[in-house]
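Each residue takes its place number in the sequence, starting with 1.
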Amino acid sequence: MHKPSPPLEGPDAFQDQIRIVLVETSHSGNIGAVARAMKNMRLANLWLVNPNSFPDEASYARAAGASDILDRAQVVSTLDEALEDCVMVLGTSARGRKIPWPVVPPPEAAAIAAENSQAGPVALVFGRENHGLSNDELHRCHYHIHIPSNPDYSSLNLSMAVQIMCYELRMLYLRGLEGGEGSPYLKPMTAPGDAGWDVPAAKVGDVEGFFGHLEQTLHNVDFHRRDNPRQLMSRLRRLFQRAKLDQMEINILRGVLSAVQKAAGASGNTKSTQAGTEPTGQEDGHV
């Protein structure tokens, strides 16, 4: 029916104890999409309560590389079977209740699930595509999860709702890893010096050499008048320093300036006005 996918990395207790429960799913393709959402966030424990059709080609086609989640999915006839050994149950609900029930948004729901998973399986229950969970099913939940979507268009696709909860669980898991193991996934990479950036940050002397080269080039092409500079170089300095240039970018920019000077017939005057700040290589701009 399908090409088996490689097995998951062995999930730890936290990930294995979180149980995604789908109740009477109408479209088997949604089951496959849920499996994909789960594997994206490294969850693997899927339970299906009386699905309309499973397993079938549609579910495996939508699962893409997450067919192993479907292979291990537990199929049961009733919700009680899926929840019998759980220590905590949280169910998604978009509706207000006549009798108020404890309601939590996704981040708090993930924290509750993670805390209780230390004691045993925790179920996150998702209802039918057309009308969600029944009142009786919601009464089996300790907490209701409310995803604060657009009130004018609040209906979420089943796999989207599952993805939101799986993402919150993944973030909680990464933040809790010891020894900084999760930090590469959580820290941004936006400038030289950040982990993962490919080139070191430009040194102050190299940046000053670039500014001197830039001023000279602008003078060569009659754009900048040293006798009436106004605020041109100050504003350009602010612009480029805001960019947090790396060494390769400095070299490229100085290569561009050299090419401009050559085209303007000023190739003999490419040195910076700052002493000792020649470009460090690759000044032709090739990388």
Side-chain angles (χ1 to χ4, degrees), residues 1-93 106 109-110 113-114 117 120-134 137 140-141 145 147 155-174 185:
M1 176 182 292
H2 66 281
K3 180 180 179 181
S5 61
L8 285 177
E9 302 171 25
D12 60 18
F14 166 72
Q15 293 162 317
D16 198 37
Q17 292 286 69
I18 302 297
R19 182 177 298 181
I20 302 298
V21 180
L22 308 184
V23 177
E24 295 186 352
T25 308
S26 301
H27 305 287
S28 59
N30 285 333
I31 298 175
V34 164
R36 186 172 183 177
M38 291 173 63
K39 189 166 183 176
N40 283 155
M41 300 296 121
R42 202 163 173 251
L43 295 174
N45 198 350
L46 176 62
W47 287 61
L48 306 174
V49 177
N50 192 27
N52 183 57
S53 175
F54 181 83
D56 60 18
E57 288 288 353
S59 59
Y60 279 93
R62 288 286 299 279
S67 59
D68 50 330
I69 307 294
L70 300 181
D71 291 340
R72 292 194 297 271
Q74 299 289 318
V75 181
V76 294
S77 300
T78 66
L79 181 59
D80 286 337
E81 293 176 76
L83 304 181
E84 185 177 8
D85 62 336
C86 292
V87 298
M88 174 65 63
V89 181
L90 300 95
T92 52
S93 174
S117 69
V122 173
L124 303 182
V125 185
F126 299 83
R128 302 155 189 83
E129 293 95 331
N130 56 352
H131 59 274
L133 297 169
S134 69
E137 290 162 348
R140 287 168 169 75
C141 302
I145 304 170
I147 298 172
S155 178
L156 287 172
N157 176 272
L158 175 60
S159 63
M160 293 178 182
V162 173
Q163 183 78 80
I164 289 170
M165 282 310 306
C166 290
Y167 170 78
E168 293 292 350
L169 287 162
R170 177 67 173 167
M171 293 297 290
L172 194 71
Y173 170 76
L174 291 174
Y185 302 98

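Atom CZ in Arg62 sits 15.0 Å away from atom OG in Ser67 (nearest 0.5 Å). Taking CE of Met41 as the start and CD of Glu168 as the end, the distance is 10.5 Å to the nearest 0.5 Å. Here the straight-line distance linking atom NE2 of His131 with atom CD of Glu24 works out to 7.5 Å at 0.5 Å rounding. Atom CG of Leu46 sits about 11.0 Å away from atom CG of Asp68, to the nearest 0.5 Å. For the atom pair Ile164 CD1 and Met160 CE, the distance stands at 9.0 Å (nearest 0.5 Å).
Listed by chain and residue number, Ser26, Asn30 satisfy the side chain to side chain donor-acceptor pair (under 3.5 Å) test with Glu129 (two or more places apart in sequence, or in another chain). For Val75, the side-chain contact (heavy atoms from CB on, under 4.5 Å) partners two or more places apart in sequence, or in a different chain, are Leu48, Pro51, Phe54. Remark: Glu137 pairs with Val23, Leu79, Arg128, Leu133, Ser134 by the side-chain contact (heavy atoms from CB on, under 4.5 Å) rule, at least two apart or across chains. Listed by chain and residue number, Thr78, Arg140 satisfy the side-chain contact (heavy atoms from CB on, under 4.5 Å) test with Asp80 (two or more places apart in sequence, or in another chain). By the salt bridge (Lys or Arg N to Asp or Glu O under 4.0 Å) test, Arg36 is found to be paired with no residue, residues two or more places apart in sequence or in another chain being considered. Checked against side chain to side chain donor-acceptor pair (under 3.5 Å), Ser155 has no partners two or more places apart in sequence or in another chain. With sequence neighbours excluded, no residue satisfies side chain to side chain donor-acceptor pair (under 3.5 Å) with Asn130. Applying the side chain to side chain donor-acceptor pair (under 3.5 Å) criterion to Asn157, with sequence neighbours excluded, gives Ser159. For Thr92, the side-chain contact (heavy atoms from CB on, under 4.5 Å) criterion is met by Phe126, Ile145, not counting sequence neighbours.
Applying the salt bridge (Lys or Arg N to Asp or Glu O under 4.0 Å) test to every pair with at least one member in residues 81-91, sequence neighbours left out, gives these pairs: Arg19-Asp85.
In this structure, Ile31 and Ser53 approach most closely via the heavy-atom pair CD1-O, 4.3 Å. Closest approach of Ala110 and Leu172 over heavy atoms only: O-CD2, 3.4 Å. Minimum interatomic distance between Val21 and Ala82 (heavy atoms only, all atoms of both residues): CG1-CB, 4.0 Å. Summarising the geometry of Ala44 relative to Met38, their closest heavy-atom pair is C-CE, 3.7 Å, with the distance given to 0.1 Å. Pairing each heavy atom of Ala123 with each of Cys86, the nearest pair is CB-SG, 3.8 Å. Contact detail for Ala113 and Val122: the closest heavy-atom pair is O-CG2, 3.6 Å.
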Worksheet item: Should Ile18 and Ser117 be marked as a side-chain contact (heavy atoms from CB on, under 4.5 Å) after you check the CA-CA gap, both sets of side-chain angles, and the distance that decides it?
Response: CA-CA 7 Å; Ile18 302 297; Ser117 69; 4.1 Å; yes
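In this structure, Cys166 and Ile20 have side chains that are in contact, with non-hydrogen atoms separated by less than 4.5 Å.
Here the options are Val34, Leu43, Leu124, the test is side-chain contact (heavy atoms from CB on, under 4.5 Å), and the partner is Val162; only Val34 passes. Each of Val49, Asn50, Leu83 was checked for a side-chain contact (heavy atoms from CB on, under 4.5 Å) with Val76, and the lone residue meeting it is Val49.
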